[in-house]
Amino acid sequence: MMPLPPVDRFNRVLVAFVEMKEYFVSISLFKDMCVLAIPVDRCTINIIINCFCHLNEVDYGFSLLGGIIKRGFSPNVVTYTTLLRGLISQGKSVEAERLFKKLVVFNEIKPDVVTLNTIIVGLRKTGHTSIAVRLFRSMDMESCAPDAISYNTVIDCFCKHGYVDRALILLYEMTKKGISPNVITYNSLIHALCNLDRWADTRRLLREMVIRNISPDVYTYNVLINAYGKARKTKDAENVIKLMIQRGQYPDVVTYTALMHGYCLHGDINEALSVLNTMRRKGLSPNTRCYNILIYGCCKNLKVDEAIDLFQDMPFEGLTPTIEICSRILQGLFHVGRHFEAQKFFKEMMPNHGVTLDTETCNTLLHDLCRKRYVVEALSLFHIMEGDDVIYNTLIRGCLQNKKYKEGCVLLDEMHARGISADNSTTSMLMDLLK
DNA sequence: ATAGGGTTAG
């Protein structure tokens with residue numbers, strides 16, 4: 001019999017699937033290896049834990065932790081960093097913090113630069129920006145110095161909070177320290193500069209990229225196309241697409257969505273729709289966000305029938321319309337006085353296209369309509385749905401905020417008659433009005 | 001020294 005290839009040969013295969021985001025494949029291969037009693041090592045299990053984390057199944061990741069110990073290995077810094085990232089990406093930051101503290105207190109691991117970068121991302125995600133920056137600043141003192149990814153994370157953090165100039169200072173700080181910026185660094189900065197219409201700085205950074213021999217990637221081009229689209233410069237956006245193709249970077253769904261958005265803002269719905277066809281011709285499947293932008297654009301330009309056509313296409317693309325899309329179409333119909341069709345859309349088309357009309361979605365929908373000042377219209381839909389206490393409160397607040405006091409009082413009486421009472425936020429709004 | 005971290009479209 002042929003000798004079995006060494007473990008790392010198997011591990012390489014698992015990693016290859018991870019790189020292709022084929023997490024299920026890696027997991028099933030791992031299961032096969034276990035069944036066939038092919039030896040696995042700590043790396044193998046770390047790879048699989050990571051797969052579970054990417055599939056939002058961090059709990060399975062933790063159950064594999066036991067597998068490591070059972071096999072006589074001990075979890076290491078990679079194992080725990082993977083689990084920390086898993087917790088953070090699933091919004092379980094409190095658990096992540098608890099785990100991290102426990103690991104440090106019990107000297108279980110010595111956090112390295114990857115661990116700290118992961119923690120910085122977590123802090124940033126939960127809005128603890130200043131703690132994130134402080135941790136980044138403390139990295140010099142620790143045995144692990146910040147690397148390009150640490151800088152990129154904090155640079156992006158500054159960019160997203162409107163401190164582009166502080167981000168630019170960090171760019172020069174990192175180069176001075178001998179840490180090379182990469183395409184991701186520039187993408188964050190260019191994105192922020194474009195959002196602020198700082199075109200001269202954008203051009204300067206693009207030139208800098210050339211000097212440093214950093215090639216723009218699809219992200220870079222997409223950021224530029226988005227910026228041109230938002231500035232109503234659709235011609236320039238088209239030219240960037242030509243340029244990127246010339247340079248071997250192929251446009252993706254984001255590219256064409258950004259372009260479509262530009263046309264929508266320009267009021268050029270036909271052009272936007274033709275971009276949708278271009279996308280399909282190139283074998284790219286439009287996603288929910290594409291439809292969102294297009295439907296929004298159609299409604300804004302009083303082309304409700306086109307919006308409804310797009311809505312009806314969504315199931316054929318395997319997509320379910322979101323409640324935001326439905327709300328936008330209803331607003332479009334209400335706006336031009338097509339009330340009867342709006343009711344029909346709500347009662348028939350939405351359920352037929354996979355939108356579940358439970359009380360939660362109905363509440364979201366009514367809340368959105370009230371926010372856009374379609375209060376009377378929201379009430380007309382309310383009469384053909386099941387109302388619960390949350391919905392009553394939403395509508396009453398909507399009435400009060402839009403000065404529809406008579407309607408609000410009718411609802412209040414109706415609600416009381418049903419034995420439902422106003423919640424805190426509705427009560428305080430009523431109190432404010434009485435003052 | 002095989003495994004873990006960062007960027008784009010409303």
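Each chain gets a letter, A, B and so on, in the order the sequences are listed, and its residues count up from 1. Because the structure is a prediction, the values reported are computed rather than measured.
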Report summary line: Out of B:dT7, B:dA9, B:dG4, minimum distance to the side chain of A:V18 belongs to B:dG4

Query raised in the report: Taking atom NZ of A:K125 as the centre, does the number of heavy atoms from other residues, nucleotides or ligands within less than 6.0 Å exceed 12?
Result: yes

Query - Sugar-phosphate only, base, or nothing, as touched by A:T185 at under 4.0 Å among non-hydrogen atoms - result: nothing

Report task. Return the value, rounded to whole Å, for the distance between atom CG of A:L224 and atom P of B:dA9. Result -> 12 Å

Requested in this report: Kindly say whether, by distance alone, the side chain of A:N287 makes a donor-acceptor pair under 3.5 Å with the base of B:dA9?
Outcome: yes

Report task. Using a 4.0 Å heavy-atom cut-off across all strands, classify A:V183 as base, sugar-phosphate, or nothing. Result -> nothing

Report summary line: Contacts of A:V13 meeting side chain to side chain contact (heavy atoms under 4.5 Å, CB included) (sequence neighbours excluded), chain-then-number -> A:F17, A:L29

Query raised in the report: Does B:dG10 have OP1 or OP2 sitting under 4.0 Å from an N or O in the side chain of A:N226?
Result: yes

Query raised in the report: Side-chain donor or acceptor of A:T79 under 3.5 Å from a matching atom on the base of B:dG4?
Result: no

Query raised in the report: With sequence neighbours left out, what residues match A:R281 under side chain to side chain contact (heavy atoms under 4.5 Å, CB included)?
Result: A:T278

Query raised in the report: For DNA chain B, what residues of residues 153-176 of chain A have any heavy atom nearer than 4.0 Å?
Result: A:T153, A:D156, A:K160

Query - Out of B:dA3, B:dT7, B:dG10, whichever nucleotide has its closest atom nearest the side chain of A:R289 - result: B:dG10

Query raised in the report: Can you check the A:L84 CG to B:dG4 C1' distance for me, whole Å?
Result: 10 Å

Query - Side chain of A:N11 (C-beta onward), nearest among B:dG10, B:dT2, B:dG4 - result: B:dT2

Requested in this report: Establish, with yes or no, whether the OP1 or OP2 oxygen of B:dA9 is under 4.0 angstrom from a side-chain nitrogen or oxygen of A:H191.
Outcome: yes

**Report entry** Closest listed nucleotide, where the reference is the side chain of A:V114 and the choices are B:dA3, B:dG4, B:dT7
**Finding:** B:dG4

Report summary line: Among B:dG4, B:dA9, B:dT7, the one nearest any side-chain atom of A:D217 is B:dT7

Report summary line: Picking from B:dG10, B:dT7, B:dG4, the nucleotide nearest the side-chain atoms of A:D112 would be B:dG4

Query raised in the report: Among pairs that include at least one residue of residues 216-234 of chain A, which meet salt bridge (charged side-chain N to carboxylate O under 4.0 Å, His left out), considering only residues two or more places apart or in two chains?
Result: none

Query raised in the report: Between B:dT2, B:dA3, B:dT8, which nucleotide gets closest to the side-chain atoms of A:D8?
Result: B:dT2

Report task. Look at the rings of A:H335 and A:Y374 and say which category their plane angle falls in: under 30° parallel, 30 to 60° tilted, over 60° perpendicular. Result -> perpendicular

Requested in this report: Please determine, for the side chain of A:N46, which listed nucleotide (B:dA9, B:dA3, B:dT7) has the closest atom?
Outcome: B:dA3

**Report entry** Integer-rounded Å distance: B:dG10 C1' and A:R371 CZ
**Finding:** 13 Å

**Report entry** Spacing of A:D41 atom CG relative to B:dA3 atom P, expressed in whole Å
**Finding:** 11 Å

Report summary line: Of B:dA3, B:dG4, B:dG10, the nucleotide closest to the side chain of A:K230 is B:dG10

Query raised in the report: With A:F24, which residues qualify under side chain to side chain contact (heavy atoms under 4.5 Å, CB included), at least two apart?
Result: A:L55

Report task. Answer with yes or no whether the side chains of A:N50 and A:T82 bring together a donor and an acceptor at under 3.5 Å. Result -> no

Contacts table for residues 235-246 of chain A: side-chain donor-acceptor under 3.5 angstrom, sequence neighbours left out:
unit_1 : atom_1 : unit_2 : atom_2 : d
A:E238 : OE2    : A:Y263 : OH     : 2.5
A:N239 : ND2    : A:K235 : O      : 3.4

Query - Whole angstrom value for the distance that separates P of B:dA3 from CD1 of A:I45 - result: 16 Å

Requested in this report: Please list all pairs passing the salt bridge (charged side-chain N to carboxylate O under 4.0 Å, His left out) test where one or both residues lie in residues 93-113 of chain A, with sequence neighbours left out.
Outcome: A:E97-A:K101

Requested in this report: Ignoring hydrogens and angles, answer whether the base of B:dG4 and the side-chain atoms of A:T81 contain a donor-acceptor pair closer than 3.5 Å.
Outcome: yes

Report task. Send over the distance from A:I119 CD1 to B:dG4 C1', rounded to a whole Å. Result -> 12 Å

Query raised in the report: Quick one, which residues of residues 297-324 of chain A touch DNA chain B with a heavy atom under 4.0 Å?
Result: none

Query raised in the report: Which pairs, with at least one residue in residues 54-98 of chain A and sequence neighbours excluded, count as a ring pair (Phe, Tyr, Trp, His ring centres under 6.0 Å)?
Result: A:Y23-A:H54, A:F52-A:Y60

Query raised in the report: With sequence neighbours excluded, what pairs up with A:F30 under the ring pair (Phe, Tyr, Trp, His ring centres under 6.0 Å) test?
Result: none

Query raised in the report: Parallel, tilted or perpendicular: which fits the ring planes of A:W199 and A:Y228, with parallel below 30° and perpendicular above 60°?
Result: parallel

Query raised in the report: Side chain of A:V253: nearest nucleotide among B:dG4, B:dT2, B:dA9?
Result: B:dA9

Requested in this report: Can you tell me the distance, in whole Å, between the CG atom of A:N76 and the C1' atom of B:dA3?
Outcome: 8 Å

**Report entry** Set of residues satisfying side chain to side chain contact (heavy atoms under 4.5 Å, CB included) with respect to A:V223, sequence neighbours excluded
**Finding:** A:I190, A:H191, A:C194

Query raised in the report: Which of residues 59-66 of chain A sit near DNA chain B, with a heavy atom under 4.0 Å from it?
Result: none

Report task. Inspect the surroundings of NZ in A:K300 and state if more than 12 heavy atoms from other residues, nucleotides or ligands are less than 6.0 Å away. Result -> no

Query raised in the report: To the nearest angstrom, how far is A:F100 atom CZ from B:dG4 atom P?
Result: 20 Å

